[in-house]
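See below for the structure under consideration.
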Amino acid sequence: MQPYLLTILILLPFVGALAVALHGLAPYARKEHYRWVALGFSLVTFAASLLLLTEPVGFGRGDAFHFVQNVPWVESIGARYHVGVDGISLWLVILTTLLVPISILSSWNSVERRELGFFAFMLLLESAMIGVFVSLDLLLFYLFFEASLVPMFFLIGAWGGERRLYASVKFFIFTAVGSLLMLAGIIWLWYLYAASPAGAGTGTFDYALLLDALQQGKMSLNLGGVATREQAILFGLFAFAFSVKVPLFPFHTWLPDAHTEAPTAGSVILAGVLLKMGTYGLMRFNFAFFPEATREFAPIFIVLAVIGIIYGALVAMVQPDVKRLVAYSSVSHMGFVVLGMFSFTEWGMQGALYQMLNHGVSTGALFLLVGMIYERRHTRMIAEFGGLSKPMPLFATFLVFTSLSSVGLPLLNGFVGEFLILFGTWNSDPAIHNVTRTWVVTMLAGTGVIWAAVYMLWMLQRVLFGRVTLAANRRLADLNWREIGLLAPLLVLMLYMGAYPRPFLARSRASVEAVRARVVAGESQGVFHAEAREAQ
């Protein structure tokens, strides 16, 4: 089973979607049947993903991929079905398989129309997301990357709020344009490999072969350790696609609308997994393929990350809609992730990867809680609440705990990621990323923690505490056992990841260090032929 485990993880949700669709043809099909079929397949997928943790090597080698399957796919163009996981993708796969069943369970009673389509699209989305994180062939990666857009487009457009069509079209256009630019870069790399001594007239999309050719200097994308114009353009094509996905300021404008209009399950997956495709892509492809350009463009990304941290927090502070507040907080939190990555330190990059997981857990839980109160009151406006801790003490407890995790309270998961990022940024080497006053950058980014405390605690004060001023809030039912059950695993993770992060960091350390060393050392400094030097 081990060589086929990743393929099984990709196919299980897809088969589940087919099972939901076929079950819908049966004359006895009912709404609850779709739910149980979808939940069953998602739980089996999660259980299977835990087998990734049984790898005896323990992901100790940074350049090693595990559970690899590499077979010909479209041989005429050099495309292969090549999948594998390392310390960077491992936890993102498990995060995906954890959040999908929780999202399905959160939609148990809230999907009132076209239930078959909703649960089928949820499973198709899971299949595509897993494929993104395990693909080691660029064409395969692109197909999964694009495939993830379609189910989310329909989830927002068919089951979202009043402005769902606007939000879904805006989401699709933004991300699809970025993806097409990345496709142009992928094709360009194929031709470069075909023209290199390594390809000898035959191109490839294989990640390992392309990386090896760059490391051996057989593809001329640099000149004496400095990025050529060709490498800079390629870096930009990939980086634009991933920056939109993050979303990095100023490419973030699609996110608040998509989050606000998406159903609860869509918001959880969007925040918990889809945004991580952008930061994962930057670390996996931009850092590995274009280290010289990564160093040269680092100041731009650092500045944009700091702006995003502060801007997202300040805009969140003035939001009257609690869901929109959480959406803008994602812009701020993902700014921390980008900052940590471009610090080019082990602490910062480990913190960035850890913060991806933290954000998925904490913000996913916040969206779940917002969805629960929306089901009861059919409003998300902060002014419509107040004093909810009296009729809903369990809800108040979960919301306070999750908000403190998002703020970064010590002993909760958010603190570990943000501390590593800020510590790594402070101690980063200006000679690598060309930003001289790293202490200024760190202090500006650190204000994001203060602003986060302001907007989250102010939200808690207005929603949970004080007098119950509206009669509609006096009789609200507290959380039921289903809601407690789907929130409990996330709260346990918040505490465990905050108190004992070692198991997570230990499995990702070698892979992160391998990427960091490549950027810092510029290992792809292939020597140009004399003709290439003259052309420059």
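Keep in mind the model is a prediction, meaning the values are calculated, not measured. All heavy atoms count here, side chains included; hydrogens, waters and symmetry mates do not.
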M497 and V416: side chain to side chain contact (heavy atoms under 4.5 Å, CB included), yes or no, with the steps?
CA-CA 8 Å; M497 294 174 69; V416 179; over 6 Å; no
[Y] backbone acceptor or donor facing [X] side chain under 3.5 Å:
| X | Y | value |
| --- | --- | --- |
| W190 | I77 | yes |
| Q350 | L505 | yes |
| N427 | F423 | yes |
| Y280 | F133 | yes |
| T438 | W426 | yes |
| Q231 | A293 | yes |
| K276 | A271 | yes |
| S127 | L124 | no |
| T204 | D206 | yes |
| N413 | G498 | no |

Side-chain heavy-atom pair [X], [Y] within 4.5 angstrom cut-off:
| X | Y | answer |
| --- | --- | --- |
| I310 | W451 | yes |
| L90 | L53 | yes |
| L98 | L493 | yes |
| L491 | L495 | no |
| F301 | L339 | no |
| E418 | N358 | no |
| L140 | H82 | no |
| F205 | I186 | yes |

What do the steps show when you test R516 against E346 for salt bridge (charged side-chain N to carboxylate O under 4.0 Å, His left out), and what is the final call?
CA-CA 7 Å; R516 189 198 71 85; E346 180 185 341; 5.7 Å; no
What pair of heavy atoms forms the shortest contact from [X] to [Y], and how long is it?
| X | Y | result |
| --- | --- | --- |
| V361 | L490 | CG1-O, 3.5 Å |
| L353 | G87 | CD2-O, 3.9 Å |
| I269 | S103 | CD1-OG, 3.5 Å |
| T402 | A365 | CG2-CB, 3.7 Å |
| S179 | Y142 | O-CE1, 3.2 Å |
| S428 | P430 | O-CD, 3.3 Å |

Ring centers of [X], [Y] separated by less than 6.0 Å:
| X | Y | value |
| --- | --- | --- |
| F367 | H259 | yes |
| F336 | H359 | no |
| Y4 | F67 | no |

Please report the interatomic distance [atom1]([X]) to [atom2]([Y]), rounded to the nearest 0.5 Å.
| X | Y | atom1 | atom2 | answer |
| --- | --- | --- | --- | --- |
| M283 | M356 | CE | CE | 4.5 Å |
| I10 | F144 | CD1 | CZ | 4.0 Å |
| L136 | L209 | CG | CG | 11.0 Å |
| L125 | L274 | CG | CG | 5.5 Å |
| N286 | L234 | CG | CG | 10.0 Å |
| I300 | S243 | CD1 | OG | 10.5 Å |

One pair to check against side chain to side chain contact (heavy atoms under 4.5 Å, CB included): L255 and L275. What are the steps and the verdict?
CA-CA 10 Å; L255 179 67; L275 304 188; 3.9 Å; yes
Derivation of the side-chain hydrogen bond (donor to acceptor under 3.5 Å, both in side chains) call for S362 and S405:
CA-CA 6 Å; S362 301; S405 168; 2.7 Å; yes
ring-ring contact (aromatic ring centres under 6.0 Å, His included) test vs F289 passes for just one of Y207, Y193, W188, F235, namely Y207
Given F290, F297, F287, the one that forms ring-ring contact (aromatic ring centres under 6.0 Å, His included) with F238
F290
Checking R509 against V512 for the side chain to side chain contact (heavy atoms under 4.5 Å, CB included) test, could you report, in this order, the C-alpha distance in whole Å, the side-chain angles of both residues, the deciding distance, and whether it holds?
CA-CA 5 Å; R509 180 178 181 180; V512 170; over 6 Å; no
Quiz question: by atom type and distance under 3.5 Å, do the side chains of [X] and [Y] form a donor-acceptor pair?
| X | Y | answer |
| --- | --- | --- |
| Y354 | S508 | no |
| D212 | Q215 | no |
| H333 | S406 | yes |

Would the number of heavy atoms belonging to other residues, nucleotides or ligands and lying under 6.0 Å from [atom1] of [X] be above 12?
| X | atom1 | value |
| --- | --- | --- |
| F14 | CZ | no |
| Y496 | OH | yes |
| W347 | CH2 | no |

Give the C-alpha distance, both sets of side-chain angles, the deciding distance and a yes or no for salt bridge (charged side-chain N to carboxylate O under 4.0 Å, His left out) between D257 and K170.
CA-CA 8 Å; D257 294 313; K170 187 176 182 180; 3.0 Å; yes
K245 charged N/C atom sitting above F145 aromatic ring, 6.0 Å / 45°:
yes
Taking it one step at a time, do D86 and R507 satisfy salt bridge (charged side-chain N to carboxylate O under 4.0 Å, His left out)?
CA-CA 9 Å; D86 64 351; R507 285 183 177 268; over 6 Å; no
Show the numbers, then the answer: is there a side chain to side chain contact (heavy atoms under 4.5 Å, CB included) between L248 and V331?
CA-CA 7 Å; L248 182 66; V331 176; over 6 Å; no
side-chain hydrogen bond (donor to acceptor under 3.5 Å, both in side chains) between T97 and S49: does it pass, once the steps are laid out?
CA-CA 7 Å; T97 61; S49 71; 2.8 Å; yes
